[in-house]
Amino acid sequence: MFTITKEVYFCYGHRLMNHPGKCRHIHGHSVKAAITVKASRLDDQGMVCDFSDIKLLAQTYIDEHFDHNLLLYKDDPIIPLLQSAGEKYLALDQHPTAETLSKLLFKHFQTQGFDILKVALWETSSAYACYQEESMA
């Protein structure tokens with residue numbers, strides 16, 4: 001199996017409502033996401049796919065949903081205040097953790113026909129979350 005990985009960078013704010021520590025407060029991250037695509041055979045150009053195809057799809061999705069956005073759990077009590085102030089936010093069905101965001105990116109690539117292996121998302125330079133699906137074998 002062949003794999004390629006493209007890294008993309010973006011920023012977002014979030015809070016984890018029920019977190020016992022300081023992550024329960026609104027804060028931000030400058031993150032790196034590594035998107036890994038696989039193929040059992042190379043295409044006629046000798047590639048899994050073009051790195052620019054991964055970059056374009058990732059950047060389009062990230063710009064629309066995550067980048068410079070406040071990511072919140074759908075039941076966060078701050079949402080009505082943000083709505084009344086006309087502030088940008090994204091309400092998610094799951095808590096806006098690095099694990100959740102890596103899964104959302106993975107699923108988006110999957111729906112676009114990529115044979116995605118995994119997505120890793122670094123919240124800091126020393127901590128990342130990864131999502132990949134279990135093998136059917």
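Predicted model only: the values in this text are computed from it and were never measured.
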Task: Exam field: side chain H19 to backbone M17, donor-acceptor pair closer than 3.5 Å - done: no

Task: Pairwise side-chain contact, T3 with K38, heavy-atom cut-off 4.5 Å (strictly under) - done: yes

Task: Any donor-acceptor pair under 3.5 Å from D50 side chain to S52 backbone - done: yes

Task: Side-chain heavy-atom pair Y61, D67 within 4.5 angstrom cut-off - done: no

TODO: Could you check Y12 against F66 for ring-ring contact (aromatic ring centres under 6.0 Å, His included), going step by step and ending with a plain yes or no?
DONE: CA-CA 6 Å; Y12 67 89; F66 300 154; 7.1 Å; no

Open item on the list: Any donor-acceptor pair under 3.5 Å linking the side-chain atoms of H29 with those of H14?
Closed with: yes

TODO: Assess the side chains of Q59 and Y9: does a donor N or O sit below 3.5 Å from an acceptor N or O?
DONE: no

TODO: Report yes if some heavy atom in the side chain of R24 is under 4.5 Å from a heavy atom in the side chain of L16; otherwise report no.
DONE: no

Open item on the list: Tell me if the NZ atom of K88 is crowded by more than 12 foreign heavy atoms within 6.0 Å.
Closed with: yes

- [ ] Count the heavy atoms of every other residue, nucleotide or ligand shown that sit under 6.0 Å from NZ of K6, and state whether that count exceeds 12.
- [x] yes

- [ ] Output the distance between atom CZ (F106) and atom CD1 (I35), rounded to the nearest 0.5 Å.
- [x] 11.5 Å

- [ ] Identify the heavy atoms of A33 and F10 that sit nearest to each other, and give their distance.
- [x] CB-CE2, 4.1 Å

Open item on the list: Measuring from atom CD of E123 to atom CG of L121, what distance do you get when rounded to the nearest 0.5 angstrom?
Closed with: 7.0 Å

Task: NZ/NE/NH1/NH2 to OD/OE distance under 4.0 Å, E133 and K107 - done: yes

Task: Value rounded to 0.5 Å, distance of OH in Y128 from CD in E99 - done: 12.0 Å

Task: Any donor-acceptor pair under 3.5 Å from H95 side chain to T97 backbone - done: no

Task: Interatomic spacing from OG in S102 to NZ in K118 - rounded to 0.5 Å - done: 11.5 Å

Open item on the list: Hydrogens and angles aside, do E87 and Y89 bring a side-chain donor and acceptor to less than 3.5 Å of each other?
Closed with: no

Open item on the list: Donor-acceptor check, side chain of T100 to backbone of P96, threshold 3.5 angstrom: yes or no?
Closed with: no

Open item on the list: So, taking the atom named CG in L72 and the one named CG in L82, what distance separates them when rounded to the nearest 0.5 Å?
Closed with: 6.5 Å

